[in-house]
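Read through the structure below, which is laid out as structure tokens, and then see the notes.
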Amino acid sequence: NENFSYRTNSNIYVDYKILDNLTFSTKWGVDFLNFREHAYESTKTVQGAKYNGLGFETYSNVTNIVSNNLLKYKNKFGNHKLEVLAGYSFESYEFRSSFIRGQDFADDNLEYISSAATIVSASADALDSGLRSFLGRANYNYKDKYIATFSGRFDTSTKFGENNRTGFFPAGSLAWRISEESFMDNVKAISDFKLRLSYGLTGNDDISPFLFSELYGNTSYGGQPAIYPSNIPNPDLKWESTAQLNVGINLGLFKNRITLTADYYNKQTDDLLLSRPLPSSSGFSSITENVGKVENQGLEISIASQNFIGDAFTWNTQFNISGNKNKVLELYNGQPIDDIGRGGNRIMEGQPIGIFYSYKSLGVDPSTGDIVFADTNFDGVITSEDRTIVGNPHPDFIAGLTNNFNYKGLDLSIFLQGSYGNDVFNGSRLFLESLQGGDNQLESVTRRWRQPGDITDMTEEVETNPGW
């Protein structure tokens with residue numbers, strides 16, 4: 001197996017001063033990747049012997065071009081500072097690939113596809129996408145006490161149809177540095193104190209291209225080439241948007257020896273881009289639509305301290321903690337989306353995204369060795385309707401603590417990180433406690449149920465119990 005790749009990542013920029021207070025800058029970046037893979041399994045290998053020699057050839061070519069162009073005006077009028085920016089940017093992405101597989105080689109020394117007597121499969125793909133943006137921003141600052149920023153951008157994505165291709169996303173923020181007010185002059189302990197308020201919209205187009213249009217796949221029928229529809233087009237697809245409110249403070253104490261940053265945020269994501277399940281009678285498994293609303297709100301706190309400042313030795317500490325509450329507010333006709341992960345994850349209204357949704361185990365029946373599942377709807381039969389929420393993958397909070405030490409140019413950093421309150425799906429147990437296949441097994445299988453009367457938490461055969 002041999003891989004050959006060539007990649008170049010180039011950037012160029014130009015800054016031009018038009019007037020004393022007016023500048024123009026342009027930046028261009030090109031990321032080019034050419035990748036080729038050659039693989040051959042000789043007749044001396046298990047796979048190669050099965051197919052009388054097996055060969056692959058893969059080729060991929062990716063070109064990504066990004067350009068940012070900004071016109072900036074900056075001026076000061078007494079105690080007033082003004083900065084205005086206007087810009088245009090675009091991103092162009094091109095992808096090409098091909099794959100071919102052959103078998104039945106006359107000799108192991110003839111390992112390229114041209115020597116294969118049988119071409120088993122061949123395919124080629126092409127994908128183009130792009131993003132174009134017009135943006136503007138204005139900053140106003142008075143005596144470094146009152147600060148205001150307003151911005152807006154028009155983003156146009158090729159991933160949506162002509163009727164919804166462009167989205168407008170405005171934002172604004174206000175800040176008040178209270179520590180610069182005259183009534184704070186006698187409060188020596190506070191070196192910096194600022195209140196912040198912001199609100200804005202952001203957009204998301206993270207879906208596969210061309211879902212708004214009819215797509216076709218190729219196949220053969222009766223020995224003749226044929227095509228078939230591979231999706232249900234949705235010309236009404238549009239930008240997913242998130243409205244975020246943020247309220248925060250910055251506090252510095254004792255000449256900023258101790259600093260505190262705290263933020264409360266509330267994010268409302270509307271027109272969520274999701275693949276909605278379809279009945280099998282439609283001939284398709286799903287369709288991508290703007291079908292949901294999600295809420296995220298939480299608190300983030302960061303504290304930093306300069307514990308010791310000396311000529312030869314310094315020590316500083318940073319601590320941060322954050323908690324986020326996630327909730328699905330709306331789905332298409334309230335229809336949940338099931339089995340989005342190996343842990344039986346589900347998206348449903350009123351619950352966090354990706355909750356673990358499965359059968360609730362009541363333990364192992366000593367008389368049979370089978371798991372006893374909770375009959376949650378009390379109908380006397382265990383069916384899929386008895387599935388319930390059994391876990392939440394989202395932590396109550398995450399935290400981190402960093403200590404940095406410096407002694408005469410020698411640095412030492414100690415970092416601790418943790419999360420609390422989330423459930424974790426241990427997928428490895430599906431294999432390492434299955435008593436099936438060729439995988440090594442965990443020590444826990446030694447306490448499995450063996451005969452009537454055994455009291456244990458391990459079944460006789462895990463794979464026979466669908467909820468294990």
Side-chain angles (χ1 to χ4, degrees), residues 29-35 58-68 88-100 121-135 153-169 201-221 224-242 269-294 330-333 335 337 339-341 347 353:
V30 177
D31 185 2
F32 175 79
L33 171 65
N34 189 295
F35 176 82
T58 302
Y59 171 81
S60 298
N61 184 287
V62 181
T63 303
N64 194 30
I65 301 175
V66 179
S67 175
N68 291 284
Y88 167 75
S89 66
F90 74 86
E91 180 175 355
S92 173
Y93 177 84
E94 296 181 357
F95 172 79
R96 302 290 184 271
S97 70
S98 61
F99 169 82
I100 187 168
S121 62
S123 63
D125 291 304
L127 173 64
D128 294 340
S129 64
L131 180 67
R132 181 183 63 204
S133 302
F134 294 93
L135 55 100
R153 59 186 299 140
F154 290 92
D155 292 327
T156 302
S157 172
T158 59
K159 294 183 178 181
F160 305 112
E162 292 290 345
N163 53 337
N164 291 308
R165 187 158 286 180
T166 300
F168 176 60
F169 307 103
L201 297 179
T202 57
N204 174 38
D205 68 340
D206 189 16
I207 56 174
S208 299
F210 308 119
L211 295 179
F212 65 89
S213 180
E214 296 181 18
L215 300 178
Y216 293 87
N218 61 288
T219 185
S220 61
Y221 182 77
Q224 299 296 318
I227 61 173
Y228 64 92
S230 60
N231 77 315
I232 297 180
N234 183 2
D236 296 323
L237 272 178
K238 59 183 178 180
W239 285 85
E240 174 184 305
S241 63
T242 298
T269 301
D270 200 3
D271 296 321
L272 201 66
L273 290 165
L274 286 176
S275 293
R276 176 173 67 84
L278 293 175
S280 56
S281 58
S282 69
F284 300 90
S285 60
S286 64
I287 180 174
T288 300
E289 292 183 330
N290 299 95
V291 295
K293 295 182 180 180
V294 174
E330 181 182 319
L331 292 173
Y332 179 82
N333 290 337
Q335 178 184 356
I337 301 176
D339 300 323
I340 60 173
I347 300 176
I353 289 179

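- Ring pair Phe95/Tyr93 is parallel by interplanar angle, where below 30° counts as parallel and above 60° as perpendicular.
- Put simply, OG1 on Thr242 and CG on Asp271 are 10.0 Å apart, with the number rounded to the nearest 0.5 Å.
- Using a 4.5 Å cut-off on side-chain heavy atoms (C-beta onward), Asn234 and Leu211 make no contact.
- At least one donor-acceptor pair under 3.5 Å links the side chain of Ser230 to the backbone N or O of Leu215.
- Residue Ser157 comes nearest to Asp205 through the heavy atom pair OG-OD2, 2.8 Å, listed as atom of the first residue, atom of the second, then distance.
- Among all heavy-atom pairs drawn from Pro233 and Phe212, the shortest one is CB-O, 3.7 Å.
- The structure places CD1 of Ile207 at 5.0 Å from CG of Leu273, a figure rounded to the nearest 0.5 Å.
- Aromatic ring pairs are classed by plane angle as parallel below 30°, tilted from 30° to 60° and perpendicular above 60°; the pair Phe169 and Trp239 is perpendicular.
- Side chains of Thr166 and Thr156: a donor-acceptor N/O pair is present below 3.5 angstrom, by distance only.
- Residues Thr288 and Ser275 come closest through the heavy atom pair OG1-OG, 3.5 Å.
- Here the closest non-hydrogen pair linking Ser89 and Asn68 is CB-OD1, 3.3 Å.
- Using a 4.5 Å heavy-atom threshold, the side chains of Tyr88 and Ser67 count as separate.
- Separation of atoms OG1 (Thr202) and CZ (Arg153) is listed at 10.0 Å; rounding is to 0.5 Å.
- To the nearest 0.5 Å, atom CD of residue Glu330 and atom OG1 of residue Thr269 are 13.0 Å apart.
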### Message
Go through it in stages, so that I can follow the logic: the residues are Phe35 and Ser97, the test is side-chain contact (heavy atoms from CB on, under 4.5 Å), and I'd like the CA-CA distance, side-chain angles, deciding distance and then a yes or no.
### Response
CA-CA 9 Å; Phe35 176 82; Ser97 70; over 6 Å; no
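- Within a 6.0 Å sphere centred on NZ of Lys159, other residues, nucleotides and ligands contribute more than 12 heavy atoms.
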### Message
Run the side-chain contact (heavy atoms from CB on, under 4.5 Å) test on Leu33 and Asn61 for me, step by step, so that the C-alpha distance in whole Å, both residues' side-chain angles and the decisive distance to 0.1 Å come before the verdict.
### Response
CA-CA 6 Å; Leu33 171 65; Asn61 184 287; over 6 Å; no
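- Listed by first and then second residue, the side chain to side chain donor-acceptor pair (under 3.5 Å) pairs involving residues 122-132 are Arg96-Asp128 (not counting sequence neighbours).
- The minimum heavy-atom distance between Tyr216 and Ile227, with the atom names listed, is CD2-CD1, 4.3 Å.
- With values rounded to the nearest 0.5 angstrom, Phe210 atom CZ is found 6.0 Å from Leu127 atom CG.
- Looking only at distances, a side-chain donor or acceptor of Asn204 sits under 3.5 Å from a matching main-chain atom of Asp206.
- Taking each heavy atom of Pro235 and Asn163 in turn, the nearest pair found is O-OD1, 3.0 Å.
- Atom CG of residue Asn290 and atom CD of residue Glu240 lie 8.0 Å apart, to the nearest 0.5 angstrom.
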### Derivation and outcome, side-chain contact (heavy atoms from CB on, under 4.5 Å), residues Leu237 and Asn164
CA-CA 7 Å; Leu237 272 178; Asn164 291 308; over 6 Å; no
### Message
Set out, in order, the CA-CA distance, both residues' side-chain angles and the distance that settles side-chain contact (heavy atoms from CB on, under 4.5 Å) for Leu274 and Leu331, then state yes or no.
### Response
CA-CA 9 Å; Leu274 286 176; Leu331 292 173; 3.9 Å; yes
